[in-house]
Amino acid sequence: MNCDKCGKEIRRNDGYCPHCGSKQDYDPNFGFSIPQKATGEKKKTKKYLIIAIIAIVIIIMIILFFEIIKPLIQEWIRELFKQIEHSDPFPLPIE
């Protein structure tokens, strides 16, 4: 087995490299070291998953907001058209 940092050969169950002193990620269940990159990628994946969930929640909230406010806007437009229908389009000047 080789050191994760300096690459020199070390014993398989060493917790630290005797040459450079860096901590080794040794997994006793599988008998090999866990690459540092793999654990970093998991953190990035988790970060992107959280961002995706937040984005989905925001989109759902926007859709619900417009579904709630849509009837209010429609009613406001109906009232506006009623006022337009009942008003005189060409008022004559008073003399």
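Heads up: numbering here begins at 1 and tracks the sequence.
By the rule that hydrophobic residues join a cluster once side-chain heavy atoms approach within less than 4.5 Å of another member, Ile56 and Tyr48 end up as members of separate clusters. Placement of Ile53 and Ile51 in two distinct hydrophobic clusters is found when ILVMFWY residues are connected by side-chain heavy-atom separations under 4.5 Å, directly or transitively. If you chain together hydrophobic residues whose side chains sit under 4.5 Å apart, Ile62 and Phe65 fall into the same group. Ile68 is not connected to Ile73 by any chain of hydrophobic side-chain contacts under 4.5 Å among Ile, Leu, Val, Met, Phe, Trp and Tyr, and they are in different clusters. Grouping the Ile, Leu, Val, Met, Phe, Trp and Tyr side chains by contacts below 4.5 angstrom, directly or via other members, places Val57 apart from Ile63.
Partners of Leu64 by side-chain contact (heavy atoms from CB on, under 4.5 Å), not counting sequence neighbours, listed by chain and number: Ile60. With sequence neighbours excluded, no residue forms a side-chain hydrogen bond (donor to acceptor under 3.5 Å, both in side chains) with Gln83.
Within the model, atoms NZ of Lys23 and NZ of Lys5 stand 14.0 Å from one another, a figure rounded to the nearest 0.5 Å. With rounding to the nearest 0.5 angstrom, the CD1 atom of Ile54 is 12.0 Å from the CD1 atom of Ile59.
Across Cys17 and Ile10, no two heavy atoms sit closer than the pair SG-CG2, 3.9 Å.
Side-chain atoms of Cys6 and Ser22, non-hydrogen and from C-beta on, never get closer than 4.5 Å to each other.
With respect to Lys82 and Glu85, no salt bridge is recorded, no charged nitrogen being found less than 4.0 Å from a carboxylate O.
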